[in-house]
Structures are given as structure tokens and as C-alpha cells.
Amino acid sequence: ASRAPRDGRPADRHGSMARSLLSARAGAALWPRCGVAAGHAAASAALASVLGDGAFAPLRPGALFPSTPPPLLALPARAAQARTSFNADADPEEKTIRPTTPWVRQVVSGVDLMRHPKYNKGMAFSNSERDRLYLRGLLPPAVLSQEVQLERIMLNIRGKEHDLDKYAYLASLQERNERLFYRVLVENIEELLPIVHRPTVQEACQKFALMFKSIPRALFINLEDRGRVYRILKNWPERNVRVVVMTDGERMGSVGDVGVQAVGSPISKLSLYTACAGISPSVCLPVVIDAGCDNEALLNSPFYVGVRHRRVRGDAYYELLDELLLALKRRYGNTTLLHFEDMVYENAAKMLNMYRTEFPCFNDDMHGLAAAVLAAVLAALPKTGGRLGDHTFVFSGADASVACIADLIAAAVAHQTGQTVLEARKKIWLVDAKGLVTRERGDSSTLEGYKLPFCHSGPEANDLLTAVKLVKPTVLVGLSPQGNPPFKFTHDICREMVSSCRHPMLLPLSPGHEYEATAADLYDWTEGRALVATELKQPPHTAPNGRTYEPSQLSSAYIFPGVGLGVLMSGCTKLRDEQFIAAAEAVARMVTREDLTRGCVMPRMGNIRKVSAGVAQVVAQRAYQGGYATAMPKPHNLLEKANMEMYNPQYRNYR
């Protein structure tokens, strides 16, 4: 402050005062480290240099608490005038005219540390940490380990009657203690998957306006943000984002359009990325595109938190998405994984076609679930016999998702047998609400585009039973993502399947409670000969023959977390169908003969991190082989690399 200006101009007294006040604050910061006397001396000398010897009386060491830094230095009248706006008793109009700037310290401690979900440990702070981090007195005296906290959390969850209450409790835990939340999820994934994922998350999104407690950790973009999306993206606190899950909320399973309230879906998916594949939550970004809502009940609700107009489609919608994706590329690079969720087929397909060459991107309904179905069929081959190309498939459903699964299976058959994809499609049939899709029933002018690749010549069949009798499938898949499937899997259909195949595969995958059949009925109707996998976890069943069978839960959670980890490991710039086929093969290899004996065609969910590591290994391997991996040099052992990269939710010690 006492240095003379270089250009000979008079010294700036205001600048000198500011620098001296900073020195005084620095002297106060020395209080706990250098002792009371040193702290007083530094602060007194700095203030005396600018205010004059007679204007400032040195602080007495005994004037403040001896072991803590003073919260505010005693200032004379001239200095006190400079901080009038910071006075709690200042005039309200003065506060409005001269607003303050919010700021926080870089190193958190005390109450700020306890309120930070990334660093909070609750009652697990040790006694030495409580002293160093100014937590003494802010917590009860007991120290509880993370294991004890985990046990208490599970007791609380199991004590709640409704799944929605369990979801709300876990969401609250995630907002206050991140590491404890993920450890609870990792160690109890089989029990908690239906809570943090489908079907509970759909109900939570439907009632989000009433459950709203605090702002969820997500980025919200609407049509009014066009032209400033990149600036908005910079508001996100994490700079090293590697995984982005985005939704527009137009098709939230059986609940339909929920608009901006679909924020729970990307948060749920990212929770599974961390719990199942060990991707750090700090590199994850959930994004909600608020383009409006066609749900009249939500638009009329006074509690709805999104924009209040009908959903906007067409050029304006795609221009906003285009700006967002370009901003993501500019901010985080072209190796950032893009995961599209809960979009209508037309929008998701168009986005994938536009950006598959620029980003590693996919849609879970179109790729993740398809790879899971393929994994189940491959895992069952030791029991069903033959090869994948020997199967005949019938997909029953009124949605484009069935065609996406059929496409991936056709690509896998072509890859394994050397056939063309056109030849592989000949053994795959679709059944919609009007019956078997055939050329005699319609053409491109009357059928949706996604049905045309599987529209074969054949006799008319107006229902699923007739179609099964004509086609004689070995694998029957039912999928209507919005619920209410057009045809149920009846006793007659099951008997017809068993008459032409010793071990048929029956996969009722429609969500909610409107699925095609229960696993218990399918086992009874086929005398335990069918291999069954359902979208929701169902209990084991003892068939009439006295044997107990355990139906598998066929979830995309077996696929997409490992795919994400493989993308991050390899730094790949593209995602191809062969990577999802390799992921399905990796999952299928982890199903043992003992699992097949019990009727399981998927690995145990409790081994999901091992499964995800195997998926990540083959996804990264395909990226290196295809030449679109950028993380060089290639690791010698990709499986070991995958296990080392996984996020560990155990508490860390603080200095």
C-alpha cells in the first residue's frame, strides 16, 4: 500500500485502503495459526498504514476470544461508513439500491461442510475432524460409522409402506449425503432398483409438483433460452462432464406426457450409472428440455413448475436441441456420452440419425432394452439349443420399441451367421393391434415406417393366437411401453408355443401392472418348460411339477451403465450396433448353468458391478478395434482398468 506509483501520479488512496483492508483480513486469518499476538499485530499494522497512527487504536489481545479469529475487526468511523450496506440494521431501500454479492469460501468447513452433499458424512466425522473443521458442537457427541448409518437407512426404508415414500426418502438422502446414498444403493441394488428406477420413478414424476421440496440437481432448458444455451451451460458447477442424460418428458412410459416433471427420469438413470458402473456423480449432467406439455391436468395445476403452453414441435424444437448439442460439444468435447430418455420415437430417431457421427449417443428404449433382450436369448441357448439364427421371433406390441429390438436382433443374427440383415429379418415377425403385419394387410401408404422392414408375405392373422399358430415362434416378446398391450399371453398361446418348441422363451415386458401375463401363470401353463423374463421383478414360483423357478428381471440396467463406462474408458467418439451386440454377449456369458436350472436367463442383479465391468471391457475393445477411441495409449488390461475406474462410495478422511 505504501509503494509509490510508477508513472508519478498521486497514489490512489481508495486503492491503498482496499489493499490494506485485505491485509487486515489476512492478519485475521493468521489468528489460529500464528497466535493471538501475531494476528493482532498484522491487523493493527495494516489499518494504521492507511488510517494514520492516531486514527486507529491497536486491538487488545484479550478483547476477543483467544482461540478463534475475530469475526469482524473493530473499525473507526471512516472505515465503518464503507460497510453501511452490510449492516443488518441498514435501511431496506439502501439494501435494494446497493445489492450485495454472494460468495463462499473455496474450502468448506463448519455448517457449510455439513450442508454440502458431496462432502457431508453426517455423524461419521471423527473427533479430530470435528476439531479441525469447526464441527465441534454442531453434532451430537457420538461417532457413527458409515456401516451403522447404512443399517439405519435400510431400517427406515423397510419401515415405509409405500414405494413412493421410499423414493422420497432416498431422494432426500441423495440431496444431503451423496456417498451414503450411493453406498446404500450399491449394496442393496436388487431391493432398491424398483424404487429408484421403474416403476416408482414414473409415479414420482407424475406427482413431482406435489413432492417438490428443493430444486433438483439438473439443468433446465426451454425455448426462450435459444441464443444463450452455451451461457446457461456454463452455470452448471461441474466443468468435467462426461455423461449427459436428457429428456423432454413427452413419453414417460404409461403415465404419458409429464413435461418438465420428467426431471426424475434422467436423475434416476444417472444414479444407476454410478451405482451399477461406478461412474463418478461429478461427471454426470441431467438435462430437461422444456418444450411445453400436452397434459391438460398439469397445465391447469397451480403447482406445475414448467412453462405453461402446449408442446412445441417442428423447427423451433429441433433448433433448440441443435443449439444445446453444439454447446455440449463446445463445452465438454465430442467424447461426451449423450443418453436420450423418454422421447417419442420420431424425435429420438431423428436426433440419433443427426448426431451419431458426432457424439457417442443412444436411446435406452431403442438400444439398451434391445441389447438386454438379446442377452437373454443368447444366455438361454444352452437350454433351448441351436444358434441365434435358428430362433423364430414374434414381437407383440403397438410401439416402435419392438421394431428397435427386432433390428438389433437381426443385426446380431447377420453378424453371427454371415447372412445379410435382409435375410435375418425374414424370421422376425410383428403383431400390432390389428394382428400379424403382412404385405397383404398393407404397404408404405398404410403402415408406419418402422414396421415395413418386418412386413413379410403371409396369411392373415387378426389376433396373437392365430399368428402363433401360423409362424410357430420359439421366442415371444410382448412390449407396449405405454401399457395396455393389444394382446395378452393366454393359456392357449402358451400351449401352442410348447407344442412346437420344447423350451420356448416368453418375455412379457410391458411396464406397470398391465403386462401380458404373470410369470406364475406362464410356468403353470407350460408345465415349467418356458424360460420367462419380465420387466418388473416377480417372486419365485413353484410349478405343478414341484420345481421352483425364478423368473429374471429383464432390465436395461444390465446394459447402459457398462456401455457408459466403456465410452469413458476409451474416449470413443461413436457408438455402433456392434458395441451393443458385444455388450449383450458379455452379459449372456455371465449366466451360469445353475442360473438356467433355476429358470434365470440374466445374471443376478447383486453382481451388477461385475457385469458392468465386463460390458465396459467389450465396448471399449470394439472402440479401439474400430479406430474411434481417443484415450491413448490403450490399456493393457481393459477389465482391470474398468474396475479401477469405478467410483467408491465409502467415506474419505479429511485433512
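When reading the values below, keep in mind they use all heavy atoms of this one structure, side chains included, and skip hydrogens, waters and symmetry mates. Source: prediction; values computed, not measured.
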Between atom [atom1] of [X] and atom [atom2] of [Y], what is the distance when rounded to the nearest 0.5 Å?
| X | Y | atom1 | atom2 | answer |
| --- | --- | --- | --- | --- |
| E448 | Y345 | CD | OH | 11.0 Å |
| Q261 | Y304 | CD | OH | 6.0 Å |
| N363 | L369 | CG | CG | 10.5 Å |
| T357 | L352 | OG1 | CG | 11.5 Å |
| K350 | F340 | NZ | CZ | 13.0 Å |
| C361 | M246 | SG | CE | 9.5 Å |

What pairs with [X] under side chain to side chain contact (heavy atoms under 4.5 Å, CB included), at least two apart in sequence or on another chain?
| X | result |
| --- | --- |
| D595 | V591, T592, R598, C600 |
| A433 | P486 |
| T490 | K488, D492, I493 |
| E250 | D248, D257, R311, R313, V344, N347 |

Taking [Y]'s backbone N and O only, do any of them form a donor-acceptor pair with [X]'s side chain (distance below 3.5 Å, no angle check)?
| X | Y | answer |
| --- | --- | --- |
| D322 | Y318 | no |
| S268 | V196 | yes |
| Q553 | Q538 | no |
| R226 | L320 | no |
| S271 | I267 | yes |
| Y628 | P360 | no |
| S552 | A533 | no |
| R495 | W525 | yes |
| S301 | L298 | no |
| S570 | A629 | no |

Using side-chain heavy atoms (C-beta onward) and a distance below 4.5 Å, is [X] in contact with [Y]?
| X | Y | answer |
| --- | --- | --- |
| M252 | E341 | no |
| V413 | K427 | no |
| V243 | V567 | no |
| V260 | C293 | no |
| F454 | V437 | no |
| L565 | V615 | no |
| E323 | Y230 | no |
| E516 | P485 | yes |

Closest approach of [X] to [Y] (non-hydrogen atoms, all atoms of both residues):
| X | Y | answer |
| --- | --- | --- |
| S612 | C276 | OG-O, 3.0 Å |
| T438 | L447 | O-CD1, 4.5 Å |
| P382 | A379 | CD-O, 3.2 Å |
| S510 | S480 | OG-N, 2.9 Å |
| V312 | Y317 | O-CB, 3.7 Å |
| Y558 | V611 | O-CG1, 4.0 Å |

All pairs passing salt bridge (charged side-chain N to carboxylate O under 4.0 Å, His left out) where [range] contributes a residue, at least two apart:
| range | answer |
| --- | --- |
| residues 365-390 | R198-D365, R251-D365 |
| residues 400-421 | D407-R425 |
| residues 554-568 | none |

Exercise for the section: Take V287 and L285, measure what side-chain contact (heavy atoms from CB on, under 4.5 Å) needs, and give me the verdict at the end. Expected result: CA-CA 6 Å; V287 178; L285 171 61; 3.8 Å; yes

Exercise for the section: For K269 and S556, run side-chain contact (heavy atoms from CB on, under 4.5 Å): C-alpha distance rounded to whole Å, both residues' side-chain angles, the deciding distance at 0.1 Å, then the answer. Expected result: CA-CA 10 Å; K269 293 290 184 182; S556 62; 3.9 Å; yes

Practice task
Apply side-chain contact (heavy atoms from CB on, under 4.5 Å) to V373 and L509, showing your working.
Solution key: CA-CA 10 Å; V373 172; L509 303 179; 3.7 Å; yes

Practice task
For the pair F362 and H339, name the ring-plane relationship: parallel under 30°, tilted 30 to 60°, perpendicular over 60°.
Solution key: tilted

Exercise for the section: Anything under 30° is parallel, anything over 60° is perpendicular, the rest tilted; go ahead and classify H541 against Y523. Expected result: parallel

Could you give the side-chain donor-acceptor pairs of residues 391-398 under 3.5 Å, partners two or more places apart or in another chain?
| residue | atom | partner | partner atom | Å |
| --- | --- | --- | --- | --- |
| H391 | ND1 | T474 | OG1 | 2.7 |

Exercise for the section: Apply the test side-chain contact (heavy atoms from CB on, under 4.5 Å) to residues V305 and F208: give CA-CA distance (whole Å), side-chain angles for both, the deciding distance (0.1 Å), then the verdict. Expected result: CA-CA 9 Å; V305 296; F208 174 78; 3.8 Å; yes

Only distances under 3.5 Å count here; give the side-chain donor-acceptor pairs of residues 572-589 to other protein atoms, sequence neighbours excluded, each with its distance to 0.1 Å.
| residue | atom | partner | partner atom | Å |
| --- | --- | --- | --- | --- |
| Q579 | OE1 | R576 | N | 2.7 |
| Q579 | NE2 | V619 | O | 3.2 |

Flag yes if more than 12 heavy atoms outside [X] fall under 6.0 Å of its [atom1] atom; otherwise flag no.
| X | atom1 | value |
| --- | --- | --- |
| F303 | CZ | no |
| N300 | CG | yes |
| E358 | CD | yes |

Practice task
Return the set of residues passing side-chain hydrogen bond (donor to acceptor under 3.5 Å, both in side chains) with D225 (not counting sequence neighbours), or none when no residue passes.
Solution key: R228

Problem - Sequence neighbours excluded - ring pair (Phe, Tyr, Trp, His ring centres under 6.0 Å) pairs with any residue from residues 414-446 - result: W429-H456

Could you list the donor-acceptor pairs under 3.5 angstrom formed between side-chain atoms of residues 324-338 and any protein atom two or more places apart in sequence or on another chain?
| residue | atom | partner | partner atom | Å |
| --- | --- | --- | --- | --- |
| T336 | OG1 | Y332 | O | 3.3 |
| T336 | OG1 | G333 | O | 3.1 |

